[in-house]
Amino acid sequence: MEKFQQFILGYGPQVQLFLFAGLFFLSWNIENIAGVLFNYKKWKHAFINAQFIFTNIPGQLLLGMAFAKTIEWTSLHHFGFLNHLPLKHSSFFIFITTFVFLDLGEYIYHLIMHKVKRLWMFHVVHHSDTVVDVSTTLREHPGENIIRLSFTLLWVFLSGAVFWAILLRQIIQVFTTLFAHINYRLPERLDRIIGWIFITPNLHQVHHHYKQPYTDSNFGDVLSIWDRLFGTFKRMPLEDLIFGIDTHMQKEDNGNFKTLFKIPFNKNWQK
Ligand SMILES: [Zn+2]
Ligand SMILES: [Zn+2]
(Lines give C-alpha, C1' and ligand atoms only; values in the text may rest on other atoms or scores of the structure.)
(Ligands and ions follow the chains in the order given, each with its own letter.)
Protein backbone atom coordinates (compact mmCIF):
# COMPACT_ATOMS: atom_id res chain seq x y z
CA MET A 1 0.00 0.00 0.00
CA GLU A 2 2.85 2.33 0.86
CA LYS A 3 4.37 1.79 -2.59
CA PHE A 4 1.02 2.42 -4.24
CA GLN A 5 0.62 5.68 -2.33
CA GLN A 6 4.14 6.74 -3.36
CA PHE A 7 3.30 5.95 -6.98
CA ILE A 8 0.10 8.01 -6.84
CA LEU A 9 1.96 10.90 -5.21
CA GLY A 10 4.72 10.77 -7.83
CA TYR A 11 2.72 10.16 -10.98
CA GLY A 12 -0.91 11.01 -10.12
CA PRO A 13 -1.29 14.02 -12.48
CA GLN A 14 0.44 12.19 -15.35
CA VAL A 15 -1.74 9.10 -14.86
CA GLN A 16 -4.77 11.37 -14.84
CA LEU A 17 -3.77 13.07 -18.09
CA PHE A 18 -2.95 9.85 -19.98
CA LEU A 19 -6.07 8.17 -18.70
CA PHE A 20 -8.17 11.12 -19.79
CA ALA A 21 -6.67 11.11 -23.28
CA GLY A 22 -7.00 7.32 -23.63
CA LEU A 23 -10.54 7.14 -22.31
CA PHE A 24 -11.61 10.14 -24.35
CA PHE A 25 -10.38 8.35 -27.49
CA LEU A 26 -12.11 5.12 -26.44
CA SER A 27 -15.40 6.91 -25.64
CA TRP A 28 -15.24 8.79 -28.95
CA ASN A 29 -15.05 5.46 -30.80
CA ILE A 30 -17.77 3.80 -28.72
CA GLU A 31 -19.99 6.75 -29.66
CA ASN A 32 -19.20 6.23 -33.35
CA ILE A 33 -20.32 2.63 -33.14
CA ALA A 34 -23.08 2.58 -30.53
CA GLY A 35 -24.04 6.23 -30.01
CA VAL A 36 -27.61 7.46 -29.67
CA LEU A 37 -27.26 10.76 -31.53
CA PHE A 38 -25.75 10.85 -34.98
CA ASN A 39 -27.26 13.78 -36.84
CA TYR A 40 -24.79 16.43 -35.74
CA LYS A 41 -21.34 17.61 -36.76
CA LYS A 42 -19.27 15.77 -34.20
CA TRP A 43 -15.88 17.31 -34.98
CA LYS A 44 -17.26 20.84 -35.11
CA HIS A 45 -19.09 20.28 -31.83
CA ALA A 46 -15.95 18.90 -30.18
CA PHE A 47 -13.88 21.80 -31.53
CA ILE A 48 -16.14 24.34 -29.77
CA ASN A 49 -16.01 22.45 -26.46
CA ALA A 50 -12.27 21.73 -26.64
CA GLN A 51 -11.44 25.45 -26.62
CA PHE A 52 -12.34 25.50 -22.93
CA ILE A 53 -9.25 23.37 -22.23
CA PHE A 54 -7.08 26.41 -22.97
CA THR A 55 -9.12 28.98 -21.05
CA ASN A 56 -9.12 26.72 -17.98
CA ILE A 57 -5.36 26.18 -17.76
CA PRO A 58 -4.53 29.34 -15.69
CA GLY A 59 -7.21 28.54 -13.10
CA GLN A 60 -6.05 24.93 -12.86
CA LEU A 61 -2.45 25.99 -12.26
CA LEU A 62 -3.38 28.63 -9.70
CA LEU A 63 -5.72 26.40 -7.74
CA GLY A 64 -3.24 23.52 -8.06
CA MET A 65 -0.74 25.58 -6.05
CA ALA A 66 -3.43 26.50 -3.53
CA PHE A 67 -4.22 22.79 -3.08
CA ALA A 68 -0.57 21.96 -2.39
CA LYS A 69 -0.30 24.75 0.22
CA THR A 70 -3.61 23.83 1.89
CA ILE A 71 -2.77 20.14 2.19
CA GLU A 72 0.68 20.97 3.52
CA TRP A 73 -0.91 23.18 6.19
CA THR A 74 -3.69 20.77 7.23
CA SER A 75 -1.28 17.84 7.55
CA LEU A 76 1.20 19.92 9.56
CA HIS A 77 -1.50 21.03 11.98
CA HIS A 78 -3.55 17.79 11.94
CA PHE A 79 -6.46 19.93 10.92
CA GLY A 80 -9.73 18.55 9.53
CA PHE A 81 -12.20 15.97 10.79
CA LEU A 82 -10.63 13.10 8.84
CA ASN A 83 -7.61 13.40 11.12
CA HIS A 84 -9.76 12.72 14.15
CA LEU A 85 -11.68 9.64 13.05
CA PRO A 86 -11.03 6.13 14.35
CA LEU A 87 -9.19 3.80 11.97
CA LYS A 88 -7.25 6.77 10.63
CA HIS A 89 -4.23 4.49 10.11
CA SER A 90 -6.03 2.27 7.62
CA SER A 91 -5.33 3.44 4.05
CA PHE A 92 -8.53 1.80 2.86
CA PHE A 93 -10.58 3.64 5.47
CA ILE A 94 -8.83 6.92 4.68
CA PHE A 95 -9.58 6.54 0.99
CA ILE A 96 -13.24 5.57 1.39
CA THR A 97 -14.01 8.40 3.83
CA THR A 98 -12.18 10.93 1.64
CA PHE A 99 -13.97 9.66 -1.44
CA VAL A 100 -17.45 9.72 0.08
CA PHE A 101 -16.99 13.13 1.71
CA LEU A 102 -15.60 14.77 -1.44
CA ASP A 103 -18.41 13.22 -3.48
CA LEU A 104 -20.96 14.73 -1.11
CA GLY A 105 -19.06 18.01 -1.55
CA GLU A 106 -19.44 17.75 -5.34
CA TYR A 107 -23.17 17.17 -4.91
CA ILE A 108 -23.55 20.27 -2.70
CA TYR A 109 -21.43 22.35 -5.08
CA HIS A 110 -23.51 21.25 -8.09
CA LEU A 111 -26.78 21.98 -6.28
CA ILE A 112 -25.54 25.48 -5.35
CA MET A 113 -24.51 26.12 -8.98
CA HIS A 114 -28.12 25.48 -9.99
CA LYS A 115 -29.80 27.41 -7.19
CA VAL A 116 -27.73 30.60 -6.96
CA LYS A 117 -28.41 32.69 -10.02
CA ARG A 118 -25.00 34.35 -10.20
CA LEU A 119 -23.36 30.93 -10.21
CA TRP A 120 -25.90 29.39 -12.56
CA MET A 121 -24.86 32.04 -15.11
CA PHE A 122 -21.54 30.21 -15.34
CA HIS A 123 -22.85 26.66 -15.07
CA VAL A 124 -25.43 27.26 -17.81
CA VAL A 125 -22.59 27.18 -20.34
CA HIS A 126 -22.20 23.46 -19.63
CA HIS A 127 -25.96 22.94 -19.89
CA SER A 128 -26.30 24.91 -23.12
CA ASP A 129 -24.88 22.00 -25.12
CA THR A 130 -27.70 20.74 -27.32
CA VAL A 131 -25.80 17.53 -27.96
CA VAL A 132 -24.34 15.72 -24.97
CA ASP A 133 -21.36 13.61 -25.88
CA VAL A 134 -17.89 12.98 -24.51
CA SER A 135 -16.67 16.46 -25.49
CA THR A 136 -19.36 18.06 -23.28
CA THR A 137 -17.08 17.01 -20.41
CA LEU A 138 -14.71 19.79 -21.52
CA ARG A 139 -17.41 22.45 -21.76
CA GLU A 140 -16.88 24.32 -18.52
CA HIS A 141 -16.58 28.11 -18.37
CA PRO A 142 -13.26 29.19 -16.78
CA GLY A 143 -15.31 31.07 -14.17
CA GLU A 144 -17.04 27.84 -13.19
CA ASN A 145 -13.73 25.99 -13.27
CA ILE A 146 -12.35 28.36 -10.62
CA ILE A 147 -15.56 28.20 -8.55
CA ARG A 148 -15.60 24.38 -8.68
CA LEU A 149 -11.96 24.05 -7.66
CA SER A 150 -12.44 26.61 -4.88
CA PHE A 151 -15.30 24.54 -3.49
CA THR A 152 -13.15 21.39 -3.64
CA LEU A 153 -10.40 23.33 -1.89
CA LEU A 154 -12.85 24.21 0.88
CA TRP A 155 -13.89 20.55 1.32
CA VAL A 156 -10.23 19.50 1.35
CA PHE A 157 -9.48 22.12 4.00
CA LEU A 158 -12.41 21.13 6.21
CA SER A 159 -11.70 17.42 5.93
CA GLY A 160 -7.91 17.54 6.10
CA ALA A 161 -7.81 15.00 3.27
CA VAL A 162 -4.37 13.67 2.34
CA PHE A 163 -2.79 14.23 -1.06
CA TRP A 164 -2.60 10.62 -2.29
CA ALA A 165 -6.29 9.99 -1.51
CA ILE A 166 -7.32 13.18 -3.35
CA LEU A 167 -5.19 12.25 -6.37
CA LEU A 168 -6.59 8.72 -6.45
CA ARG A 169 -10.10 10.12 -6.30
CA GLN A 170 -9.33 12.45 -9.20
CA ILE A 171 -8.08 9.49 -11.24
CA ILE A 172 -11.37 7.66 -10.63
CA GLN A 173 -13.22 10.86 -11.48
CA VAL A 174 -11.66 10.80 -14.97
CA PHE A 175 -13.60 7.61 -15.65
CA THR A 176 -16.84 8.77 -14.14
CA THR A 177 -17.04 12.23 -15.68
CA LEU A 178 -16.39 10.86 -19.19
CA PHE A 179 -18.77 7.97 -18.54
CA ALA A 180 -21.52 10.38 -17.44
CA HIS A 181 -21.34 12.38 -20.68
CA ILE A 182 -20.83 9.64 -23.24
CA ASN A 183 -23.31 9.61 -26.12
CA TYR A 184 -24.44 6.11 -25.22
CA ARG A 185 -27.14 4.56 -23.10
CA LEU A 186 -26.89 1.52 -20.89
CA PRO A 187 -29.56 -1.15 -21.35
CA GLU A 188 -32.40 -0.28 -18.98
CA ARG A 189 -31.99 -3.21 -16.61
CA LEU A 190 -28.25 -2.67 -16.23
CA ASP A 191 -28.84 1.05 -15.73
CA ARG A 192 -31.31 0.33 -12.95
CA ILE A 193 -28.74 -1.84 -11.15
CA ILE A 194 -25.69 0.45 -11.54
CA GLY A 195 -27.85 3.53 -10.98
CA TRP A 196 -28.65 2.40 -7.46
CA ILE A 197 -25.23 3.56 -6.40
CA PHE A 198 -23.58 5.34 -9.31
CA ILE A 199 -24.45 8.12 -11.74
CA THR A 200 -24.84 6.49 -15.16
CA PRO A 201 -24.92 8.15 -18.61
CA ASN A 202 -28.70 7.60 -18.59
CA LEU A 203 -29.08 9.47 -15.29
CA HIS A 204 -26.79 12.36 -16.23
CA GLN A 205 -28.63 12.70 -19.55
CA VAL A 206 -31.81 13.40 -17.57
CA HIS A 207 -29.88 16.21 -15.84
CA HIS A 208 -29.16 17.62 -19.32
CA HIS A 209 -32.85 17.66 -20.36
CA TYR A 210 -33.68 21.19 -21.53
CA LYS A 211 -36.35 22.02 -18.99
CA GLN A 212 -37.37 21.73 -15.38
CA PRO A 213 -37.86 19.81 -13.20
CA TYR A 214 -35.33 17.53 -14.89
CA THR A 215 -32.49 20.07 -15.11
CA ASP A 216 -32.59 20.27 -11.32
CA SER A 217 -32.18 16.53 -10.78
CA ASN A 218 -29.41 13.94 -10.57
CA PHE A 219 -26.74 16.35 -9.31
CA GLY A 220 -24.45 13.53 -8.17
CA ASP A 221 -20.89 13.33 -9.41
CA VAL A 222 -19.88 9.69 -8.92
CA LEU A 223 -22.50 8.41 -6.48
CA SER A 224 -26.25 8.66 -7.06
CA ILE A 225 -27.00 8.00 -3.38
CA TRP A 226 -27.04 11.73 -2.52
CA ASP A 227 -29.82 12.36 -5.03
CA ARG A 228 -31.85 9.51 -3.57
CA LEU A 229 -31.17 10.73 -0.05
CA PHE A 230 -32.04 14.38 -0.69
CA GLY A 231 -34.95 13.79 -3.07
CA THR A 232 -33.38 15.05 -6.29
CA PHE A 233 -33.26 11.68 -8.06
CA LYS A 234 -35.27 11.55 -11.30
CA ARG A 235 -35.83 9.35 -14.29
CA MET A 236 -37.72 10.12 -17.49
CA PRO A 237 -38.42 8.25 -20.72
CA LEU A 238 -35.16 8.77 -22.55
CA GLU A 239 -36.85 8.86 -25.96
CA ASP A 240 -38.47 12.17 -24.86
CA LEU A 241 -35.18 13.69 -23.86
CA ILE A 242 -34.05 16.95 -25.47
CA PHE A 243 -30.57 18.19 -24.62
CA GLY A 244 -29.85 21.83 -23.84
CA ILE A 245 -31.38 24.52 -21.66
CA ASP A 246 -34.62 26.31 -22.50
CA THR A 247 -33.10 29.81 -22.22
CA HIS A 248 -30.26 29.09 -24.66
CA MET A 249 -31.63 26.78 -27.34
CA GLN A 250 -30.81 28.94 -30.37
CA LYS A 251 -27.63 28.53 -32.40
CA GLU A 252 -26.78 32.20 -31.86
CA ASP A 253 -26.79 31.54 -28.08
CA ASN A 254 -24.82 28.33 -27.98
CA GLY A 255 -23.18 27.79 -31.37
CA ASN A 256 -19.69 29.20 -30.94
CA PHE A 257 -17.02 29.56 -28.30
CA LYS A 258 -17.00 33.37 -28.18
CA THR A 259 -20.74 33.57 -27.47
CA LEU A 260 -20.50 30.85 -24.84
CA PHE A 261 -17.65 32.61 -23.12
CA LYS A 262 -19.73 35.78 -22.83
CA ILE A 263 -22.92 34.14 -21.48
CA PRO A 264 -22.20 34.83 -17.77
CA PHE A 265 -21.56 38.51 -18.51
CA ASN A 266 -24.72 39.09 -20.50
CA LYS A 267 -26.71 41.93 -18.91
CA ASN A 268 -30.12 40.61 -19.97
CA TRP A 269 -29.55 37.48 -18.03
CA GLN A 270 -32.34 35.28 -16.86
CA LYS A 271 -32.61 31.65 -15.87
ZN1 LIG B 1 -25.79 20.93 -13.75
ZN1 LIG C 1 -22.96 17.36 -17.48
Side-chain angles (χ1 to χ4, degrees), residues 20 23-24 27-28 31 35-37 40 45-46 48-50 52-53 56 103-152 170 172-186 191 195 198-224 226-227 230-236 238 241-249 253-254 260 263-264 269-271:
F20 189 89
L23 288 173
F24 192 95
S27 307
W28 181 277
E31 288 177 345
V36 188
L37 302 168
Y40 70 103
H45 173 249
I48 295 170
N49 289 339
F52 285 100
I53 297 175
N56 290 355
D103 201 66
L104 172 62
E106 290 278 354
Y107 173 89
I108 296 170
Y109 145 79
H110 197 174
L111 187 80
I112 293 173
M113 292 307 280
H114 276 243
K115 300 295 178 188
V116 179
K117 197 169 176 182
R118 283 207 172 274
L119 300 181
W120 169 252
M121 287 157 70
F122 289 95
H123 186 55
V124 76
V125 175
H126 180 68
H127 278 270
S128 68
D129 211 344
T130 50
V131 172
V132 171
D133 73 2
V134 67
S135 78
T136 308
T137 316
L138 306 168
R139 189 180 179 118
E140 183 182 55
H141 194 278
E144 167 160 17
N145 188 252
I146 290 171
I147 298 164
R148 181 169 57 80
L149 293 173
S150 303
F151 265 97
T152 311
Q170 279 176 334
I172 294 172
Q173 227 178 355
V174 170
F175 280 100
T176 54
T177 183
L178 288 169
F179 181 58
H181 290 104
I182 191 169
N183 169 22
Y184 173 79
R185 280 170 196 162
L186 293 174
D191 178 63
F198 299 104
I199 291 289
T200 62
N202 308 33
L203 289 174
H204 195 67
Q205 284 173 16
V206 174
H207 181 75
H208 277 275
H209 184 56
Y210 81 118
K211 64 179 180 185
Q212 299 289 12
Y214 299 99
T215 311
D216 280 1
S217 74
N218 305 351
F219 294 108
D221 187 42
V222 178
L223 303 173
S224 63
W226 312 118
D227 285 293
F230 301 122
T232 50
F233 186 87
K234 272 193 175 55
R235 289 191 183 275
M236 65 174 284
L238 294 180
L241 213 143
I242 298 169
F243 291 131
I245 193 72
D246 48 7
T247 53
H248 295 78
M249 290 305 274
D253 294 324
N254 61 37
L260 291 172
I263 285 181
W269 221 94
Q270 52 156 341
K271 187 172 176 178

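Order of listing sets the numbers, starting from 1, for every ligand and every atom in it. As a basis for the values below, the full set of heavy atoms in this structure was taken, side chains included, without hydrogen atoms, waters or symmetry mates.
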| query | Would D253 and S128 count as a side-chain contact (heavy atoms from CB on, under 4.5 Å) if you check the C-alpha gap in whole Å, the side-chain angles of each, and the deciding distance to 0.1 Å? | reply | CA-CA 8 Å; D253 294 324; S128 68; over 6 Å; no

| field | Metal-centred angle, NE2 of H110 through the Zn ion (ligand 1) to NE2 of H123, rounded to 10 degrees | value |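 About 90° at the Zn ion (ligand 1).
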
| query | Less than 6.0 Å separating the ring centroids of F219 and F230? | reply |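 They do not qualify: ring centres at least 6.0 Å apart.
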
| task | Tell me whether the centres of the aromatic rings in H207 and H126 are closer together than 6.0 Å. | result |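 H207 vs H126: aromatic centres not under 6.0 Å.
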
| query | Any N/O/S of H207 under 2.8 Å from the Zn ion (ligand 2)? | reply |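 No, since none of the N, O or S atoms of H207 sits under 2.8 Å from the Zn ion (ligand 2).
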
| message | For K115, is there an ion pair with D216 - N to carboxylate O distance below 4.0 angstrom? | response |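 Looking at K115 together with D216, the answer is yes, because their closest N to O distance falls below 4.0 Å.
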
| task | Considering only NZ, NE, NH1 and NH2 on the basic side and carboxylate oxygens on the acidic side, decide whether D221 and R148 come within less than 4.0 Å. | result |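 Between R148 and D221 there is no salt bridge, as every charged N stays at least 4.0 Å from the carboxylate O atoms.
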
| Which N, O or S atom name in H204 marks its closest approach to the Zn ion (ligand 2)? |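 For H204, the N/O/S atom sitting closest to the Zn ion (ligand 2) is NE2.
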
| request: Looking only at N, O or S atoms, find the one in H127 nearest to the Zn ion (ligand 1) and name it. | output: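 This residue's closest N, O or S atom turns out to be NE2.
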
| Measuring to the Zn ion (ligand 1), does H126 have an N/O/S atom at a distance below 2.8 Å? |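 Not a single backbone or side-chain N, O or S atom of H126 is under 2.8 Å from the Zn ion (ligand 1).
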
